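All values derive from a computational prediction rather than experimental measurement.
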Amino acid sequence: QVQLVESGGGLVQAGGSLRLSCAASGRTFSSYTMGWFRQAPGKERKFVAAIRRSGSSTDYADSVKGRFTISRDNAQNTVYLQMNSLEREDTAVYYCAAAPGLRRGVSRHEYDYWGQGTQVTVSS
């Protein structure tokens with residue numbers, strides 16, 4: 001069982017930056033692929049970024065490539081999402097998720113554990 005708690009969301013102007021954090025419980029954090037997803041009102045939850053267990057391999061949605069960076073600190077059981085050059089279209093609830101084993105983690109169906117989400121609002 002893994003419990004995930006996101007933080008760092010908020011209101012930011014377009015062009016600004018935010019860093020989301022996701023703290024995980026348990027002693028097996030390093031055995032999970034970690035991912036970030038987002039869900040805008042009335043829309044389905046979509047993949048944003050994923051990072052494999054060692055942190056050496058990552059994937060990004062095309063819409064965030066070059067602007068967002070996912071990273072992890074296995075000693076601190078934490079995964080981060082650095083978001084730069086934010087756009088209004090990035091407004092959504094952002095969710096952290098954990099997928100056990102060697103899953104690539106680009107589909108929400110690969111994930112077994114989810115956080116409660118943190119709101120990111122980008123104003124123009």
Within-4.5 Å side-chain heavy-atom neighbours: Gln13 and Val122: no

All pairs passing ring-ring contact (aromatic ring centres under 6.0 Å, His included) where residues 72-96 contributes a residue, at least two apart: none

Contact check, side chains of Cys96 and Met34, non-hydrogen atoms, under 4.5 Å: yes

Within-4.5 Å side-chain heavy-atom neighbours: Arg19 and Leu81: no

Distance (rounded to the nearest 0.5 Å) between Leu20 CG and Thr78 OG1: 12.5 Å

Ile51 reachable from Phe47 in the ILVMFWY side-chain graph, under 4.5 Å edges: no

pair Val93-Thr118: side-chain heavy atoms closer than 4.5 Å: no

Contact summary for Asn84 and Ser17, nearest pair of heavy atoms: OD1-OG, 2.9 Å

Pairs where residues 61-83 contributes a residue and the test salt bridge (Lys or Arg N to Asp or Glu O under 4.0 Å) is met, not counting sequence neighbours: Asp62-Lys65, Arg67-Glu87, Arg67-Asp90

Val64 with Val79, same ILVMFWY side-chain cluster at under 4.5 Å: yes

Val2 side chain near Tyr32 side chain, heavy-atom distance below 4.5 Å: yes

Spacing of Ser30 atom OG and Asn77 atom CG [to the nearest 0.5 Å]: 8.0 Å

Any Trp36 side-chain heavy atom under 4.5 Å of Glu6 side chain: yes

Residue pair Val12 / Ser123, side-chain heavy-atom distance below 4.5 Å: no

Step-by-step side chain to side chain contact (heavy atoms under 4.5 Å, CB included) determination, Val120 to Thr91: CA-CA 5 Å; Val120 172; Thr91 295; 5.9 Å; no

Heavy-atom pair with the smallest gap, counting every atom of Leu4 and Ala98: CD1-N, 3.8 Å

Least distance between heavy atoms, Ala92 atom then Ala40 atom: CB-N, 3.9 Å

Where at least one partner belongs to residues 41-57, residue pairs that pass salt bridge (Lys or Arg N to Asp or Glu O under 4.0 Å), sequence neighbours excluded: Arg52-Asp59

Pairs involving residues 100-124, ordered by first then second residue, that meet ring-ring contact (aromatic ring centres under 6.0 Å, His included) (sequence neighbours left out): Phe37-Tyr111, Phe37-Trp114, Tyr111-Trp114

Residues Arg103, Asp112; criterion side chain to side chain contact (heavy atoms under 4.5 Å, CB included); working and verdict: CA-CA 11 Å; Arg103 300 176 190 179; Asp112 292 352; 3.2 Å; yes

Gln3, CD: over 12 other non-hydrogen atoms inside 6.0 angstrom: no

Residue list, side-chain contact (heavy atoms from CB on, under 4.5 Å) with Ser7, at least two apart or on another chain: Ser21

Minimum-distance pair of heavy atoms, taken over all atoms of Gln116 and Val5: OE1-CA, 3.8 Å

Listed partners of Ser63 passing side-chain contact (heavy atoms from CB on, under 4.5 Å), at least two apart: Arg38, Ala61

